[in-house]
> 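Have a look at the structure that comes next, please.
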Amino acid sequence: MPDPEFPPSPLPRSFFARDSRTVARELLGRELVHDSAEGILIARIVETEAYGDERDSACHVARGRTPRNEVLYGPPGHAYVYLVYGLHELLNVVTECDGLPGAVLLRAIVPVHGKAAMVARRNGRAGRELGNGPGKLSQALGITRAAFNRADLCSGRGLWFAAGTPAAAGEIRTGPRVGIDYADPVDRDAPWRFLLRPGQQ
DNA sequence: TAGCGGATTGGCT
DNA sequence: GCCAATCCGCTAG
């Protein structure tokens with residue numbers, strides 16, 4: 001008899017219709033589920049970053065609306081996947097209400113189910129290197145722009161988030177976001193990075 | 001329409 | 001610790 005909780009059901013759109021920092025914090029310990037060609041892949045989210053509106057000079061909407069970032073202005077719970085350095089695909093989930101831009105970048109995961117398939121996608125890297133970076137987790141789970149940019153992540157088909165085991169406040173550390181030296185100092189130094197403390201992952 | 005540089009990664013010194 | 005890889009969105013002209 002099949003387990004009614006497998007694969008786990010998706011988090012509702014209302015979860016993402018909140019402040020980006022709240023969503024980033026509350027995604028820690030949750031699960032990312034990909035119904036892939038190799039079967040169901042499930043990973044626990046252990047690091048995120050929040051990106052704000054046009055006032056956030058680190059965010060892709062800092063210079064206004066463009067074809068690339070348009071999805072960030074749309075309804076929450078959709079995917080924003082983009083290419084950096086010509087090589088790596090980074091996964092974000094759109095936050096805030098329809099019309100207000102915002103997103104959370106997924107920065108690190110640990111495998112929960114389907115680890116062998118993730119290791120294979122990562123060319124044999126099975127330890128921390130499996131998913132301790134935004135480009136690495138996309139590769140491990142098989143997330144690409146072509147497949148998921150602008151996709152709805154609340155449908156329970158393809159790619160979605162699940163309840164998992166939310167992190168307690170004492171398990172969470174914060175710090176400045178990574179790789180945004182180009183941003184204004186106030187944004188560069190803002191503690192909008194959230195991660196589970198070592199040992200809590 | 002040319003040029004710049006990036007929300008990164010992995011290999012080499 | 002340094003640096004190449006490798007696209008493409010964005011800005012300036």
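Residue numbers begin at 1 in each chain, while the letters A, B, ... track the order of the sequences.
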> Just to be sure I understand the rule, does L105(A) reach a base, reach only the sugar-phosphate, or reach nothing, if contact means heavy atoms closer than 4.0 Å?
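The answer is base, as L105(A) lies within the cut-off (heavy atoms under 4.0 Å) of a base atom.
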> Does dG9(C) have OP1 or OP2 sitting under 4.0 Å from an N or O in the side chain of H60(A)?
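No, outside the criterion.
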> Indicate, with a heavy-atom threshold strictly under 4.0 Å, whether R188(A) touches base, sugar-phosphate, or nothing.
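Nothing, no heavy atom under 4.0 Å.
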> Between CG of L159(A) and CG of L153(A), what distance do you get to the nearest 0.5 Å?
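Output value for this atom pair is 5.0 Å.
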> Please give the distance between the P atoms of dC4(B) and dA4(C) as a whole number of Å.
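Taking atom P in both dC4(B) and dA4(C), they lie 16 Å apart.
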> Restricting to side chain to side chain donor-acceptor pair (under 3.5 Å), what partner residues turn up for R122(A), sequence neighbours left out?
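Here the qualifying residues are Q139(A).
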> Roughly how far apart, to the nearest Å, are dG5(B) and dC3(C) at atom C1'?
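The same atom, C1', in both gives a distance of 15 Å.
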> Can you check whether I172(A)'s main-chain N or O pairs, donor with acceptor, with R197(A)'s side chain at less than 3.5 Å?
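Absent.
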> By nearest heavy atom, map Y182(A) and Q139(A) onto DNA chain B; which one lands nearer the 5' end?
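The 5'-side residue here is Y182(A).
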> Does H60(A) have any ring-ring contact (aromatic ring centres under 6.0 Å, His included) partners at least two apart in sequence or in another chain, and if so, which?
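Result, ring-ring contact (aromatic ring centres under 6.0 Å, His included) vs H60(A): Y80(A), Y82(A).
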> So if I take residues 171-179 of chain A and measure heavy-atom distances to DNA chain B, which residues fall below 4.0 Å?
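By residue number: V178(A), G179(A).
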> Should N69(A) and R65(A) count as side-chain neighbours, where that means a heavy-atom distance under 4.5 Å?
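Side chain of N69(A) against side chain of R65(A), heavy atoms only: contact under 4.5 Å found.
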> Report, one line per pair, each donor and acceptor closer than 3.5 Å where one atom sits in a side chain of residues 43-50 of chain A; sequence neighbours left out.
{"unit_1": "R44(A)", "atom_1": "NE", "unit_2": "G29(A)", "atom_2": "O", "d": "3.4"}
{"unit_1": "R44(A)", "atom_1": "NH1", "unit_2": "Q200(A)", "atom_2": "O", "d": "3.0"}
{"unit_1": "R44(A)", "atom_1": "NH2", "unit_2": "T165(A)", "atom_2": "O", "d": "3.1"}
{"unit_1": "E47(A)", "atom_1": "OE2", "unit_2": "R107(A)", "atom_2": "NE", "d": "2.8"}
{"unit_1": "E47(A)", "atom_1": "OE2", "unit_2": "R193(A)", "atom_2": "NE", "d": "2.8"}
{"unit_1": "E47(A)", "atom_1": "OE2", "unit_2": "R193(A)", "atom_2": "NH2", "d": "2.9"}
{"unit_1": "T48(A)", "atom_1": "OG1", "unit_2": "A24(A)", "atom_2": "O", "d": "2.8"}
{"unit_1": "E49(A)", "atom_1": "OE1", "unit_2": "Y51(A)", "atom_2": "OH", "d": "2.8"}
{"unit_1": "E49(A)", "atom_1": "OE2", "unit_2": "V178(A)", "atom_2": "N", "d": "2.9"}

> When the side chains of residues 130-137 of chain A are checked against the rest of the protein, which donor-acceptor pairs come out under 3.5 Å, sequence neighbours left out?
{"unit_1": "N132(A)", "atom_1": "OD1", "unit_2": "K136(A)", "atom_2": "NZ", "d": "3.0"}
{"unit_1": "K136(A)", "atom_1": "NZ", "unit_2": "E129(A)", "atom_2": "OE1", "d": "2.9"}

> Does any pair with a residue in residues 154-201 of chain A pass ring pair (Phe, Tyr, Trp, His ring centres under 6.0 Å), and if so which ones, sequence neighbours excluded?
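Residue pairs passing ring pair (Phe, Tyr, Trp, His ring centres under 6.0 Å), neighbours aside: F16(A)-F161(A).
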> On the nucleotide dA7(B), are OP1 or OP2 found under 4.0 Å from the side-chain N or O atoms that R193(A) carries?
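No, no such contact exists.
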> Among pairs that include at least one residue of residues 162-185 of chain A, which meet salt bridge (charged side-chain N to carboxylate O under 4.0 Å, His left out), considering only residues two or more places apart or in two chains?
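Sorted result for residues 162-185 of chain A: D56(A)-R177(A).
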> Measure the distance from CZ on R107(A) to C1' on dA7(B) and round it to the nearest whole Å.
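In whole Å, dA7(B) C1' lies 7 Å from R107(A) CZ.
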> Would you indicate what A183(A) reaches in the nucleic acid, counting non-hydrogen atoms under 4.0 angstrom: base, sugar-phosphate, or nothing?
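The answer is nothing, as A183(A) stays clear of every strand by at least 4.0 Å.
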> Dot-bracket for DNA chain B, 5' to 3', counting Watson-Crick or G-U wobble pairs under 3.5 Å, with [ ] for crossing pairs and | for inter-strand pairs?
||||||.|||||.
> Check whether any side-chain heavy atom of D53(A) sits under 4.5 Å from a side-chain heavy atom of L100(A), and report yes or no.
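With C-beta onward as the side chain, the pair stays apart.
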> Going by the rule side-chain contact (heavy atoms from CB on, under 4.5 Å), which residues pair with V81(A) if we only count those two or more places apart in sequence or in a different chain?
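So V81(A) forms a side-chain contact (heavy atoms from CB on, under 4.5 Å) with A79(A), E89(A), L91(A), I143(A), R145(A), F148(A), N149(A).
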> I need the full list of salt bridge (charged side-chain N to carboxylate O under 4.0 Å, His left out) pairs touching residues 9-21 of chain A, with sequence neighbours left out, sorted by first then second residue.
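Salt bridge (charged side-chain N to carboxylate O under 4.0 Å, His left out) check on residues 9-21 of chain A returns R13(A)-D152(A), R18(A)-E26(A), D19(A)-R21(A).
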> Please answer whether the main-chain N or O of A167(A) pairs with a side-chain N or O of R25(A) as donor and acceptor at a distance below 3.5 Å.
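Checked: no pair found.
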> Got a list of protein N/O to nucleotides 11-13 of chain B N/O distances below 3.5 Å?
{"unit_1": "dG11(B)", "atom_1": "OP1", "unit_2": "R125(A)", "atom_2": "NH2", "d": "3.2"}

> Among residues 64-87 of chain A, which residues get a heavy atom nearer than 4.0 Å to DNA chain C?
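Of all residues in residues 64-87 of chain A, the ones placing a heavy atom under 4.0 Å from DNA chain C are T66(A), R68(A), L83(A), Y85(A), G86(A), L87(A).
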